[in-house]
Amino acid sequence: MKKLYLIKLGEISLKGQNRALFENRLRHNIKDKLRPYHSNVVKQKGRIFFYIDEECPDEVIDKALSTTFGIIAYAEAVVCEKNMEVIRSKAEYLLKKAGLSGKETFKVHARREDKGFALSSYDIACDLADLIHNIYPDMRVDLTNPDFVLNVEIRSEAYLYTSQKKGIGGLPAGTAGKGILLLSGGIDSPVAGFEMAKRGVNLDCLYFHAYPYTSDEALEKVKTLAKLISPYLGGTRLFVVPFTQQQLWIRDHAYEDETTLMFRACMMQVAERLCKQRGYNAIITGEALSQVASQTLPAMAFTDSMTEYLVLRPLVGMDKEEIITISKKIGTYETSILPFEDCCVIFSPKHPVTNPDKKLMTKHFEKLEMDKMLDQAVEETQIFAYNAKGEEIENN
């Protein structure tokens, strides 16, 4: 026996000749989250019909579909032949399954994709509304804000469903290239990862760990954040770069007010090395304009100049409350506010430069002669891997 879910597509439906690429990736992303249960996907215009083993728990299916980009809505459905008598029987089954009191308001929404079907969408809706009135005489139609909605779609077969759940939209993760996310222990960077994955970017994460100045608890916090966003990313790897030696060198040899930007320059150059090694197309950060001293326009221009790769800042125009709202929605907020600070916070100067001169800063950075130290950091990097369910797995 199989459960059937009707999945509604959003932006994917607007694609042209490459639409199959997006649909196939979405199908792969869904199936990947529901292993080891056997599943099958049938594509039709604007819809995916997803069959899954009956024994797969509803909560497992709900988590998989609610964290998969490319889905705007989904619902458990029933399917039958395109015959009004059979359709009425299925509708009656769904009415009883819904546990209605008989006092609710209702709406029937019919959609006839198969124009060869004898009844129009309006006729189908009227027919099923009569059925509901016969079973529950006290129920009244409300087309604006009904308590109960019965949906029927006439396609290759007839599909019926009641309540549907909202998806997160966007494009399937893995359809827009690969990027590496600078993941700190704060609120912003997990949200940045979520926003870029929503546009189809396949992401791995990069964290800089300055033990013992940053604690093991800080590392565990970041690993937890990687687990929490991994379902949205379709699985991810977390690169943990040892950064103590490099930060102490900067602290002792750079101008004090420039230390934060020198840290950021090093981070960009480490990220660039990983991009070259592993084929990433872009570097993603959680920076928002003017949120802190290192996120002014001149400061970001300097850090961007430290890499030849595209630097993406999906949160650049957001305020903190907007970012926090998304953080709570995706479940990272409570972990992000745990009191374990990252290396940038601990080594931050009292009066950081906010309007740096790019040429002068570049000259100061080159004088630090950090290439070998950054190469060493990359060589000593640890890698943790998480699957699309948010479970830690062996890194391959």
Side-chain angles (χ1 to χ4, degrees), residues 1-10 12-13 23 26-27 30-31 34 37-62 64-66 68 71-102 104-137 139 141-143 146-167:
M1 294 292 292
K2 300 282 186 183
K3 297 177 184 178
L4 168 63
Y5 282 80
L6 180 148
I7 296 173
K8 296 184 178 181
L9 309 180
I12 294 174
S13 300
E23 291 177 335
L26 176 59
R27 179 176 60 183
I30 295 170
K31 291 169 71 74
L34 290 169
Y37 299 102
H38 183 266
S39 58
N40 184 43
V41 175
V42 178
K43 296 185 293 183
Q44 293 190 35
K45 183 181 178 182
R47 300 285 186 267
I48 283 179
F49 295 96
F50 182 71
Y51 296 84
I52 182 74
D53 290 341
E54 181 75 26
E55 59 267 24
C56 184
D58 292 342
E59 59 270 21
V60 172
I61 299 171
D62 188 61
L65 299 182
S66 66
T68 299
I71 298 172
I72 61 168
Y74 60 95
E76 189 171 4
V78 296
V79 60
C80 64
E81 62 181 281
K82 293 181 288 186
N83 175 292
M84 279 310 300
E85 185 176 345
V86 180
I87 291 171
R88 289 189 203 100
S89 175
K90 291 293 185 181
E92 187 172 348
Y93 161 77
L94 290 177
L95 287 168
K96 292 177 179 177
K97 185 179 179 182
L100 301 172
S101 68
E104 295 87 352
T105 57
F106 77 95
K107 171 184 176 180
V108 178
H109 182 264
R111 178 171 178 170
R112 186 186 61 156
E113 285 293 330
D114 177 6
K115 303 306 180 185
F117 190 70
L119 298 182
S120 68
S121 297
Y122 176 76
D123 293 334
I124 297 167
C126 290
D127 188 296
L128 295 177
D130 286 341
L131 171 71
I132 294 174
H133 272 139
N134 289 335
I135 298 173
Y136 299 110
M139 288 184 69
V141 172
D142 182 347
L143 299 180
D147 300 317
F148 173 80
V149 180
L150 175 64
N151 299 277
V152 57
E153 299 191 8
I154 307 299
R155 296 174 175 269
S156 59
E157 297 179 275
Y159 298 90
L160 293 89
Y161 56 99
T162 53
S163 59
Q164 60 179 349
K165 296 182 179 180
K166 222 178 159 184

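All values reported here derive from a predicted model rather than from experimental measurement.
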Are there more than 12 heavy atoms of other residues, nucleotides or ligands under 6.0 Å from atom NZ of Lys165?
no
Testing Glu113, Glu157, Glu153 for salt bridge (Lys or Arg N to Asp or Glu O under 4.0 Å) with Arg47, which one passes?
Glu153
Checking Leu94, Asp142, Leu95 against Phe148 for side chain to side chain contact (heavy atoms under 4.5 Å, CB included), the one that qualifies is Leu95
Val108 versus Ile132: any side-chain heavy-atom pair under 4.5 Å?
yes
Suppose we screen for salt bridge (charged side-chain N to carboxylate O under 4.0 Å, His left out). Which residues come up paired with Lys97, at least two apart in sequence or across chains?
none
Pairwise side-chain contact, Arg88 with Leu128, heavy-atom cut-off 4.5 Å (strictly under)
yes
So which heavy atom on Glu23 is nearest to which on Ile48, and how close?
O-CD1, 4.4 Å
Assess whether a salt bridge exists between Lys3 and Asp53, defined as any Lys/Arg side-chain N lying under 4.0 Å from an Asp/Glu carboxylate O.
no
Report the distance from atom NZ of Lys107 to atom CG of Asp147, rounding to the nearest 0.5 Å.
13.0 Å
Using ring centroids (six-membered ring only for Trp), state whether His109 and Tyr161 fall under 6.0 Å.
no
SB check Glu92 Lys96 (cutoff 4.0 Å)
yes
4.5 Å side-chain heavy-atom contact, Val152 and Arg111:
no
Would you mind reporting whether Lys8 and Leu6 have side-chain heavy atoms less than 4.5 Å apart?
yes
Exercise: identify the closest heavy-atom pair between Leu65 and Ile71
O-CD1, 3.8 Å
About how many Å separate CD1 of Ile61 and OG of Ser66, when rounded to the nearest 0.5 Å?
11.5 Å
Any side-chain to backbone donor/acceptor pair from Asn134 onto Asp130? Under 3.5 Å, distance only.
yes
Applying salt bridge (charged side-chain N to carboxylate O under 4.0 Å, His left out), can you list everything that pairs with Arg112, at least two apart in sequence or on another chain?
none
Parallel under 30°, tilted from 30 to 60°, perpendicular over 60°: which one fits the rings of Tyr159 and Phe49?
parallel
Near Glu59 CD, under 6.0 Å, is it more than 12 heavy atoms from other residues, nucleotides or ligands?
yes
For a quick test of reading the model, state the closest non-hydrogen atom pair linking Thr105 to Pro146 and the distance between them.
OG1-CA, 3.5 Å
Is there side-chain contact between Phe106 and Val149, with at least one heavy-atom pair below 4.5 Å?
no
Could you measure the distance from the CD1 atom of Ile87 to the CG atom of Asp127? Nearest 0.5 Å is fine.
8.5 Å
Between CD1 of Ile72 and CD of Gln164, what distance do you get to the nearest 0.5 Å?
8.0 Å
Roughly how far apart are Ile12 CD1 and Lys43 NZ, rounded to 0.5 Å?
10.0 Å
Determine whether Leu100 and Tyr136 make a side-chain contact, defined as any pair of heavy atoms from C-beta on separated by less than 4.5 Å.
yes
Side chain proximity check, Leu119 to Phe117, heavy atoms < 4.5 angstrom
yes
Of all the heavy-atom pairs spanning Ser39 and Ile52, show the shortest one and how long it is.
CB-CD1, 3.6 Å
Quick check: does any side chain N or O of His133 sit under 3.5 Å from a backbone N or O of Met139, one acting as donor and the other as acceptor?
yes
Tell me, do Asp58 and Asp62 make a side-chain contact under 4.5 Å, heavy atoms counted?
no
Nearest heavy-atom approach of Gln44 to Ser156 is NE2-OG, 3.0 Å
Evaluate the side-chain contact (heavy atoms from CB on, under 4.5 Å) criterion for residues Ile30 and Phe50: first the C-alpha distance (whole Å), next the side-chain angles of each, then the deciding distance (0.1 Å), finally the verdict.
CA-CA 9 Å; Ile30 295 170; Phe50 182 71; 3.5 Å; yes
Atom CD of Glu54 and atom NE2 of His38: how far apart are they, to the nearest 0.5 Å?
15.0 Å
Show the nearest heavy-atom pair for residues Thr68 and Ala64, with the distance to one decimal.
OG1-O, 2.5 Å
